[in-house]
Amino acid sequence: MATMTYRDALNEALREEMDRDPDVFLMGEEVAEYDGAYKVSKGLLDVFGDQRVVDAPISELGFAGLGVGAAMAGLRPVIEFMTFNFAYLALDQIINNASKLCYMSGGQFKVPITFRGPNGPALQLGAQHSQACETYFLHAPGCKVVTPATPADAKGLLKASIRDDDPVAFMEGELLYNFKGEVPEEDDFVIPLGVADLKRVGSDVSIITHGKMVHVALQAADKLESEGIEAEVLDLRSIRPLDVDAILETVQKTNRVVYLEDSWPYAGAGAQVVSIIQEEAFDHLDAPVLRVTQADVPMPYAKNLEALAKPSVERVVGSCKKVLYR
Amino acid sequence: MAKTNTSSEAKTKDVLARHGVTAKIALELMQEMLLYRRFEEKAEESYAIGKIGGFCHLHIGQEAGAAGVIKVLQPEDYAISAYRSHTQAIAKGISPKAVMAELYGRVGGVSGGKGGSMHVFGRDARFFGGHGIVGGQIPLATGIGWKIKYSGENLVCVCFMGDATVNQGGFHECLNMAAVWELPVIYVVENNEYGMGTAFDRVSKAEISTRSVPFDIPASSVNGQDVLSTFEHFHNLTEEVRGGGGPRLVELRTYRFRGHSMSDPVSGTYRSTEEVERHKEESDPIAILRDQLFAEDVLDRDTLQEMDATAKTIAAEAADFADASPMPEPDALYENVWAETNAHGRLFFDGQRT
């Protein structure tokens, strides 16, 4: 095991995949000479040259679609959005083209493209730069969605996403880039999509979550432990494909569930998981499933309001106690 | 088809020589345009009796664009288009039967009936669709150009679009990128004067051929009703682009003889019947070529009739094939959503597929 930051883990994954497959190239704003707005692509220009590490103009629709066309023609592009907030400009290309081309063409075309970049609420960036965007990409059949929470997951899942033959929205936690963790040193460390990871074992209540909120869930579990409650934390890692077996397993074990996400509640990943639980594990529930989400408002700037809008350890602890009727 | 044109050019001999087109190529262009006309008329007929559903946009009146542009391409070159693309798909090498069956929504369709009239794709023919969102194909074409350059291939990509597309943001984003990276893409604007029912000049200030000026991309404009001019223009231009000359913008001046789609009237609220009739009389691409070839003595009426009969037969056979082709099996509903079904996890969430 090597200890490294989430940022460096992503950098290693890109480096290894570009080294392995000459069809992989990275394009986005500031990815080359500036080393990436969040320095994820640091040093790649020197290694791979400006044909494979490409600074794009500020034209999200254009360069996202360029990647889709290049993927149709046989390349394996990695398109970086400086943040996923800006990917909304490219939604037509991601939803109407990347996600539907295989189907519309009767399987003639595959679109092996990875759209990646930071996602999720940050610190006092206001409504347009601070939001979790995954629901938009989850909603359309044809696009896979991956949300790593740790350096190891970031590395292993990015390598799998690049190799996947479908479009993948690879959504990094904006506040996680400096987060350090252990990463296996094996030659080709790949984590398959669709496999959840039990980040903490418990028996009283299950906190199911994805992305950056894994860390809030773990903090909440620590707090609950001090009050004699053993919480299990299930990190879905990818939310499409979704590890339904792992979800059902933890429900059957604890019979009580809280879904935690920093996206809005309406029609989000949590809503889908709750629906699956009530359809497929109804008899195993001892309490209604609760959700802790971003408040159903655009992100406010004022520090106190922002704190109120975001899911907190306290709200998770409170919801866990509620499903335990304590 | 209009009556014999009496313009001076049609009467002038050596029109083929002036355009650098051999008699053989000219006759092939005629045969192809006749096929496109008869194919689209057959589609129109099938739509009227409910065999084709949804939106169906015909290329009648604009056949010279499909024939004259795609004729100059190599089989490995790429073409991509919007939703008025049946003829271009055939021109690029997809069989008329597979295109018609796609319009019918049958398994014999080139996409197994899942795409329909607006989404005709042929990977082997290097026809990359068939796109329904105005301008949505432009970034894809730019990406194909990127791939050609990335892989060091000696190919070009032709990207067809309608005149209204030049007001979409993606058009400008992509012309800029294609210019910066010198991509081998020819952006072809088929200017039929109307974006659906809105005349181009009612919603646009600058002419189409000026739209690439900010990106330093050479632009040109050609009579898209004269297939010999179109062929000559693209023959030269394609070789420039293939040779590393960077992208080009070309306006094909043309006119649509039918409504925007089969659901729309040919004329009425936005253009007069007289206007449409005048264009059919004066600028039918098939009539124009016919008169040129008559004047050159490389075509006579009997041969033309035989060629037309051949076109009608191919169109009829395409419709018969489509009609005989079965509807897709219900299982096809869930096929091809994903190119890769992962070993782990659930991909479908409607409760029918887990």
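In what follows, chains carry the letters A, B, and so on, assigned in the order in which the sequence lines appear, proteins first and then strands, with residues in each chain numbered from 1.
Separation of the B:Phe171 and B:Tyr187 ring centroids does not fall under the 6.0 Å cut-off.
Using bins of under 30°, 30° to 60° and over 60° for the plane-to-plane angle, the ring pair A:Phe81/A:Phe115 lands in the parallel bin. Between B:Tyr150 and A:Phe25, the two ring planes are tilted [angle within 30° to 60°]. Using bins of under 30°, 30° to 60° and over 60° for the plane-to-plane angle, the ring pair B:His119/B:Phe121 lands in the parallel bin.
When heavy atoms are compared at a cutoff of 4.5 Å, B:Ala343 does not approach chain A at all. Heavy atoms closer than 4.5 Å to chain B are found nowhere in A:Pro112, neither backbone nor side chain. Using a 4.5 Å cut-off between heavy atoms, B:Val110 touches chain A through backbone and side chain atoms alike. Both the backbone and the side chain of B:Ile144 come within less than 4.5 Å of a heavy atom of chain A. For chain B, the nearby part of A:Gln93 is the side chain; its heavy atoms alone come within less than 4.5 Å. No part of A:Arg237 comes within reach of chain B, as not one of its non-hydrogen atoms sits under 4.5 angstrom from that chain. Both the backbone and the side chain of A:Lys144 come within contact range of chain B, judged by heavy atoms closer than 4.5 Å. When heavy atoms are compared at a cutoff of 4.5 Å, A:Leu101 approaches chain B solely by way of its side chain, counted from C-beta outward. Neither the backbone nor the side chain of B:His172 comes within contact range of chain A; no heavy atom of the residue lies under 4.5 Å from a heavy atom of that chain. In this structure, the portion of A:Ile276 lying under 4.5 Å from any heavy atom of chain B is its side chain and not its backbone. For a residue to count as touching a neighbouring chain, one of its non-hydrogen atoms must lie under 4.5 Å from one of that chain's; by this rule B:Tyr78 touches chain A with the side chain only. Heavy atoms closer than 4.5 Å to chain B are found in the side chain of A:Gln272, but not in its backbone. For chain A, the nearby parts of B:Leu333 are the backbone and the side chain; heavy atoms of each come within less than 4.5 Å. A:Pro192 touches chain B through its side chain: at least one heavy atom from C-beta onward sits under 4.5 Å away, while N, CA, C and O do not. Looking at A:Val54, only its side chain comes within 4.5 Å of chain B, counting heavy atoms on both sides.
With respect to chain A, the highest number of heavy-atom pairs below 4.5 Å among B:Glu335, B:Met177, B:Arg123, B:Met118 belongs to B:Arg123. Most heavy-atom pairs under 4.5 Å with chain A: of the set B:Gly116, B:Gly130, B:Gly122, B:Gly129, this distinction falls to B:Gly122. Comparing A:Leu89, A:Leu242, A:Asp165 by heavy-atom pairs within less than 4.5 Å of chain B, the highest count is held by A:Leu242. For the set B:Gly136, B:Cys174, B:Ser151, the count of heavy-atom pairs under 4.5 angstrom toward chain A peaks at B:Gly136.
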Under the salt bridge (charged side-chain N to carboxylate O under 4.0 Å, His left out) rule, what do A:Asp235 and A:Lys199 come out as? Steps first, then yes or no, please.
-> CA-CA 6 Å; A:Asp235 173 9; A:Lys199 289 285 195 283; 2.9 Å; yes

Run the side chain to side chain contact (heavy atoms under 4.5 Å, CB included) check on A:Val78 and A:Ile162 step by step: do they pass?
-> CA-CA 7 Å; A:Val78 178; A:Ile162 292 171; 3.9 Å; yes

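In this structure, a donor-acceptor pair under 3.5 Å is present between the side chains of A:Glu134 and A:His210. For the residue pair B:Glu173/B:Gln168, the side-chain donor-acceptor check at 3.5 Å is not satisfied. For B:Ser117 and B:Tyr47, the side-chain atoms include no donor-acceptor pair closer than 3.5 Å. A donor-acceptor contact under 3.5 angstrom links the side chains of B:Asn167 and B:Arg211, judged on distance only. Side-chain atoms of A:Asp164 and B:Asn342 include a donor-acceptor pair closer than 3.5 Å.
A side chain to side chain contact (heavy atoms under 4.5 Å, CB included) with B:His86 is found for exactly one of B:Pro96, B:Cys56, B:Ser81, namely B:Cys56.
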